[in-house]
Amino acid sequence: MTASLPNAVVTATAVAAVSIRGVRKLFGSGENAVHAVDGVDLDIADGEFFCLLGPSGSGKTTLLRMIAGFELPTDGTILLQGADVTRLPPFDRDVNTVFQDYALFPHMSVADNVGYGLKVKKAPKAERVRRVGEALETVQLGAYGSRKPSQLSGGQRQRIALARALINRPKVLLLDEPLGALDLKLRQQMQVELKAIQTQVGITFIFVTHDQEEALTMSDRIAVFNRGRVEQVGTPADVYERPSTSFVAGFVGTSNLLEGSVASSLLGVEGTFTIRPEKIRVLGTTETTEGSETQGGHDVHAPGMVQHVEYLGPYTRLRVALDAGAVLQVMVQNTGDGVARGPGERVVLAFERRHIFDIQ
Ligand code: ATP
C-alpha cells in the first residue's frame with residue numbers, strides 16, 4: 001500500500017531517515033537472472049533500530065549495499081532524509097557500514113583504526129585525539145587505544161569496528177550481521193550493548209540478521225524478507241504475535257498451522273490459522289469436561305495424544321497428535337507444580353480464540 005503513496009507515509013513533521021521506493025536488484029540476465037531484491041518499499045524513521053530479517057539469500061545484504069551505495073538498484077529510488085541518493089557514490093552519502101568481519105587494519109593501533117575516517121577528512125590532530133577518545137569510551141574500550149587489533153577478543157574487535165563507524169557521526173549506520181562471528185554468550189551480551197549504544201548516540205541503525213531472536217531482542221521494528229520481498233513490517237511483538245503470512249509465522253519463532261479440515265473442525269471456519277506453542281495449555285481428559293470455558297477462557301478444545309516429550313530445562317516441549325488431524329507443538333513452562341506428560345497419554349489442548357491468527 002505504501003508503495004503507491006510515497007508522500008503519505010512520511011508524516012508532515014518527520015522526514016524518514018531512509019525511504020526505499022520500488023527498489024529492485026537483478027543480478028545476471030536471461031536464464032541466470034537472480035531477482036535479489038524484488039520490489040521493496042520501506043520507510044525507516046530517524047533514530048530507529050530497524051532490522052532486516054530473513055533467511056540466507058533473501059536479499060537483505062543486497063538491499064543494505066544499495067543503501068550504502070556499493071550496489072546500484074536496477075529500479076527504484078533510495079532517499080536519505082528526503083534527498084534522492086540512488087546514484088550517489090558511497091562517500092557522498094551520510095551513512096557508514098559495519099561488516100561482520102570487522103575489516104580493521106591489522107598493522108594500525110586501535111586508536112588509528114578508529115580515527116582513520118577523521119584522518120582521511122584531514123581533521124586537526126587535537127580534534128582527532130579527542131573524538132577517538134570519546135568513541136572508544138562509547139564502546140567501553142577507553143584504555144585499549146594503543147593495542148593492535150590482534151591483541152583484542154572478537155567482541156572487542158567488533159566494538160572497535162563500531163567506534164570507527166560512529167566517529168564521523170553518520171545519520172545512518174548500516175550493520176551487516178555484525179555479531180555473526182561471535183559465540184552465543186558474547187553475541188547475547190553484544191546485543192544488549194549495541195542496543196544501549198544506539199540509544200545513547202541516537203543514530204538510525206539498520207541491522208541485517210538471519211537470527212530471529214536477535215531481531216526480536218534489539219529492534220524497534222523488523223522487516224521480514226523472503227525471496228527478495230518484504231513479507232511483513234512491524235514491531236517485534238507485531239511480527240511474533242500477529243504474523244501476517246505463513247512464512248513469517250514459520251520463520252519468526254515456532255508456529256503451529258491449523259488449516260484445511262483441521263481448521264474447519266476445530267474452529268468452525270475455513271482458512272489457514274496460526275497459534276504459538278506457548279499459547280496452548282495441556283489439560284487432562286477429565287479437566288475439560290466441565291466448566292473449563294469459564295475457568296480459563298480457553299474456548300477451543302482439541303483432544304489428542306502426546307507423541308513426543310522434550311525436556312528443555314525451563315520448558316518442556318510436547319508434540320501432540322490431534323484427533324482432528326494435525327500435530328501441534330506445545331511449550332509448557334516447568335513451574336514445578338504442573339503434571340508431567342508422557343508419550344501415549346491422552347490429553348486435551350486448550351487455547352483462546354484471540355491467540356489464533358488468520359494468515360495468507
Ligand atoms: P545472507 O544472510 O546469506 O547474507 P542475504 O539475505 O543477505 O543472505 P543476499 O546476499 O542479498 O542475501 O543475496 C540475495 C540473492 O542474490 C542470492 O540469491 C545471492 O546469491 C544473489 N546475489 C547476491 N550478490 C550477487 C552478485 N554479486 N551476483 C550475483 N548474484 C548475487
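Reckoned from all heavy atoms, side chains included, excluding hydrogens, waters and symmetry mates. All figures in this text were calculated on a predicted structure; none of them were measured in a lab. Here, residue 1 is the first one in the sequence, and each next residue gets the next number. Whatever order the structure lists ligands and atoms in, that order sets their numbers, starting from 1.
Classified by interplanar angle (parallel below 30°, tilted 30° to 60°, perpendicular above 60°), the ring pair Phe247/Phe251 is parallel.
Heavy atoms of Val34 found under 4.0 angstrom from ligand 1 belong exclusively to the side chain.
Dense packing is recorded around CZ of Phe99, with more than 12 heavy atoms of other residues, nucleotides or ligands lying under 6.0 Å away.
Interface of Glu177 with ligand 1, defined as ligand atoms under 4.0 Å from a residue heavy atom, comprises 2 (O). For ligand 1, the atoms closer than 4.0 angstrom to any heavy atom of Ser58 are 5 (P), 6 (O), 12 (O). Heavy-atom proximity to Pro55, at under 4.0 Å, picks out these atoms of ligand 1: 6 (O).
Note that CG of Leu52 and CG of Leu174 are 9.0 Å apart. Values are rounded to the nearest 0.5 Å.
Annotation: atom 10 (O) of ligand 1 to nearest protein heavy atom, Thr61 CB, 3.7 Å. In this structure, atom 2 (O) of ligand 1 lies nearest to the protein heavy atom Lys60 NZ, 2.9 Å. Among all non-hydrogen protein atoms, the one lying nearest atom 23 (C) of ligand 1 is Phe27 CE1, 3.5 Å. Taking atom 13 (O) of ligand 1 as the reference point, the nearest protein heavy-atom neighbour is Thr62 OG1, 3.8 Å. If you check which protein heavy atom lies closest to atom 14 (C) of ligand 1, you get Gly57 O, 3.4 Å.
Residues satisfying the side-chain hydrogen bond (donor to acceptor under 3.5 Å, both in side chains) test with Gln329, not counting sequence neighbours, are none.
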Evaluation steps, side chain to side chain donor-acceptor pair (under 3.5 Å), between Thr77 and Asp84: CA-CA 7 Å; Thr77 311; Asp84 187 345; 4.9 Å; no
Pair Ser58-Asn226, side chain to side chain donor-acceptor pair (under 3.5 Å): steps then yes or no: CA-CA 5 Å; Ser58 58; Asn226 182 25; over 6 Å; no
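Residue contacts with ligand 1: Gly59 is included, with a non-hydrogen atom under 4.0 Å away.
The heavy atom nearest to atom 3 (O) of ligand 1, out of those in Ser56, Ala36, Gly28, is found in Ser56.
Distance screen at 4.0 Å: atom 20 (O) of ligand 1 has no protein heavy-atom neighbour inside the cut-off.
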Solution key, residues 22-37 side-chain donor-acceptor pairs under 3.5 Å, sequence neighbours excluded:
from	atom 1	to	atom 2	distance (Å)
Arg24	NE	Asp75	OD2	3.0
Arg24	NH2	Asp75	OD2	2.7
Lys25	NZ	Leu72	O	2.7

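Of all the heavy atoms in Ala223 and Leu42, the pair that sits closest is CB-CD2, 4.1 Å.
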